[in-house]
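Throughout, residue positions are numbered sequentially from 1 according to the sequence presented. Read the numbers this way: they start at 1 and go in the same order the structure lists the ligands and their atoms.
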Amino acid sequence: MEMKDRKVQMMEEQLQKKLTRQVVASLVGCVHCGMCNDSCHYVMTHPDDPKMTPSYKADQLRKIFKRNHDWTGSVFPWWVKAGKGLTDDDLDGLKDIAFGTCTNCRRCTYNCPMGVDTATLNRIMRGLLSHVGVMPEGVKVVSKDQWEIGNQMGVLKEDYIDTLEWMSEELAEELGHNRAAIPIDKKGAKIVYVINPREVKYDPRTIKKAALIFFAAGEDWTMVSEGWDQTNFGLFSGDDQLGGTCGKRVYDAMEEIGAERLVISECGHGYRSTRCEAVNWSGEEIKFTMESSVMTMLRYIKEGQIKVDKTKNAERFTFHDSCNNARSCGFYEEPRELIDLVTTDFEELEHNRQEGLCCTGGGGAMSMTEYTPRRLRSGEVKANEIAATGAESIITSCHNCVDGLGDVLKHYKMDVKVTQLVDLVAEALVLDEAQKAPDPVVAEVAAPAEVPAVPPVVAKMDEEKEMPADALRGRRILVVDDEEDVRLFLTTVLEDAGATVFIATDGNEAIEVAQREKPDLITLDLSMPGKDGIEAFTELRKTAGLEETPVCVVTGHPEFRKLIYDRPVTPPEGYMDKPVDEGKLVSNIRRILDLREKRQ
Ligand code: SF4
Ligand code: SF4
């Protein structure tokens, strides 16, 4: 056999290992009746393209099966439409079908009278292609990060821990005490809470809100420093080995803590992979229970562990069922029960529960930018039905869906926000007086002469609140912002804290001043005329002598957060939303600079 066909041969051999009874049933069960066609959002939005039909996509794998594993197909391939044999040159075309025209949403399966599971077949095709290294670049990069760094967004352990500490600090500032601080690696805790790395990178306040809810419920819980990523790119790439490894990391963390229950933050594919699939992929014996945080929050309210006031969420909401939570895990009613307890105005989408339409971001689609135009076109049906509800916000219990829906809403210019249940429960939460009470102040009573004096107990938060007036003395900071009043505010606050401040009004000037003055840190606005902050940030990271300079983004455009963190460069060291609080600005900058020094 020629070299060029080696990959095909490897794929054919690999398929042999995947042929379970259920897979074979789906391979041989299709009668090409076409009843599933209209259930696929790609067909709905590309009605003239027969290559979008579920049966066409699955037929690509059927042909390999028939030629190699079916007697008639191997002898008379033309008789069973097994096609001509594949060559390695055909694999890029197969990649585009398997990764670019199907989000593995399983809606077609629910509309097939023969029970054919096209998504499972598509995942197998992806797995065969991944096995020989044929996959979109995004899938390669994310899989590599999950293999090598231990989470799919390549978040470093220091940055993860730092984010948890940062969220604990914010909670302490908001509550006036630090009893809600996030526990890390607390041995013997009852619950371990695992998250999606997207929360660390783009949405850390969902972690803070979950911590607040655990605190209000009086829960004995912890987060873990290893095995904290509940997501699993093995589900998307079809690589069962990666899938098993990711699951095992989380299961090992549970074992290490000795917890009874694993709570998985709102993420459809993470919930499906960790709770259902990775147990099989890893072959691990599981001795604890697993649930989505949606179930945890629902139980807290129903059992009176937390109190909520639903009038705090009074706008109109609708709900998007994540394909993985809903169709793949039968998780339909719990989010609705919870929504009913924390909101006052709710309207279902036309297609809901098992009939829900994909957000377009399923199956790892958000990482495959080459297929974005087709994906966005396929979102038209979803956009239309969201508009029909008149909702101001769409709720979803999945981080992937937050991004998928966010892109669709932006593309179709819709003024609808995307939110999650953790946001709504935290908003509706009513703390009791004891939970709101500040830490008791320990009076400095003179100790009896014969007893050694015990130093007064002072909460860590209070120490940090007492940031010295000259917390930034000797620091050189470049403030980049196009708005004069913002520049003036930031400059005054930083100079009052002892820093020497330089200013720049756009991206070009920022690079020029940074090269000249070599500041210790740069605060960077994102939206500026001329060279904007996003471009300037990328350039700073690539400029010799400036690539290591810490950057704290200070922006009034939270929607740009994703853009800045998606750059192929080291992410910024800090991020703050405008309007900026004086104290937080100084403490955040000090924290970034201290952390940098610790690492040097
Ligand atoms: S997958 Fe099912 S519904 Fe679709 S064409 Fe085949 S038999 Fe018909
Ligand atoms: S799994 Fe979803 S995206 Fe894939 S063919 Fe079926 S309906 Fe279409």
Inset, instruction - Test Asp321 against every option in Arg107, Arg327, Arg336 by the salt bridge (charged side-chain N to carboxylate O under 4.0 Å, His left out) rule and name the one that passes. - result: Arg336

Legend entry - Aromatic plane relationship, Tyr193 with Phe214 - under 30° parallel, 30 to 60° tilted, over 60° perpendicular: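 If you compare the ring of Phe214 with that of Tyr193, the planes turn out perpendicular.
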
Inset, instruction - May I ask you to decide if the ring planes of Tyr271 and Phe331 are parallel, tilted or perpendicular, using 30° and 60° as cut-offs? - result: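 Correct class here is tilted.
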
Nearest protein heavy atom with distance in Å, relative to [atom]:
atom: atom 3 (S) of ligand 2; answer: Thr103 N, 3.4 Å
atom: atom 2 (Fe) of ligand 2; answer: Cys105 SG, 2.4 Å
atom: atom 8 (Fe) of ligand 2; answer: Cys40 SG, 2.4 Å
atom: atom 5 (S) of ligand 2; answer: Lys57 NZ, 3.5 Å
atom: atom 7 (S) of ligand 1; answer: Val31 N, 3.4 Å

Legend entry - Neighbour count above 12 (heavy atom, 6.0 Å) for Glu333 CD: yes

Inset, instruction - State whether the number of non-hydrogen atoms from other residues, nucleotides or ligands found under 6.0 Å of Met44 atom CE is greater than 12. - result: yes

Inset, instruction - List every atom of ligand 2 that sits less than 4.0 Å from any heavy atom of His41, numbering the atoms from 1 in the order shown and giving each element. - result: 3 (S)

Legend entry - Pair Arg374, Thr101: side-chain N/O donor-acceptor within cut-off below 3.5 Å: no

Inset, instruction - Please determine, by modelled atom types, if Gln152 and Asp229 share a side-chain donor-acceptor pair under 3.5 angstrom. - result: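 Absent: no donor and acceptor within the cut-off.
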
Check ligand 1 against [X] and write out every atom of the ligand that is under 4.0 Å from a heavy-atom position of the residue.
X: Met114; result: 7 (S)
X: Pro113; result: 3 (S)
X: Cys33; result: 3 (S), 5 (S), 7 (S), 8 (Fe)
X: Cys30; result: 1 (S), 5 (S), 6 (Fe), 7 (S)
X: Cys36; result: 1 (S), 3 (S), 4 (Fe), 5 (S)
X: Cys112; result: 1 (S), 2 (Fe), 3 (S), 7 (S)
X: Val116; result: 1 (S)

Salt bridge flag under 4.0 Å for residues [X] and [Y]:
X: Asp59; Y: Lys51; result: no
X: Glu12; Y: Arg67; result: no
X: Arg272; Y: Glu277; result: yes

Inset, instruction - Could you tell me whether atom 4 (Fe) of ligand 1 has an N, O or S atom of His32 under 2.8 Å away? - result: no

Legend entry - Atom pair OG/NZ of Ser237 and Lys140 - distance to nearest 0.5 Å: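 Ser237 atom OG to Lys140 atom NZ measures 12.5 Å (nearest 0.5 Å).
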
Inset, instruction - Tell me, please, if Cys108 has any N/O/S atom, main chain or side chain, under 2.8 Å from atom 8 (Fe) of ligand 2? - result: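 Not a single backbone or side-chain N, O or S atom of Cys108 is under 2.8 Å from atom 8 (Fe) of ligand 2.
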
Inset, instruction - Nearest heavy atom to atom 4 (Fe) of ligand 2 wins, so pick from Ala119, Gly363, Cys358, Cys102. - result: Cys102

Inset, instruction - Assess Pro54 for proximity to ligand 1: is some non-hydrogen atom of it under 4.0 Å away? - result: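 The answer is no: ligand 1 sits nowhere under 4.0 Å from a heavy atom of Pro54.
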
Inset, instruction - Would you mind telling me if ligand 2 is within reach of the side chain of Arg106, the backbone, both or neither, using heavy atoms under 4.0 Å? - result: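 It is the backbone that touches ligand 2; the side chain stays farther off.
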
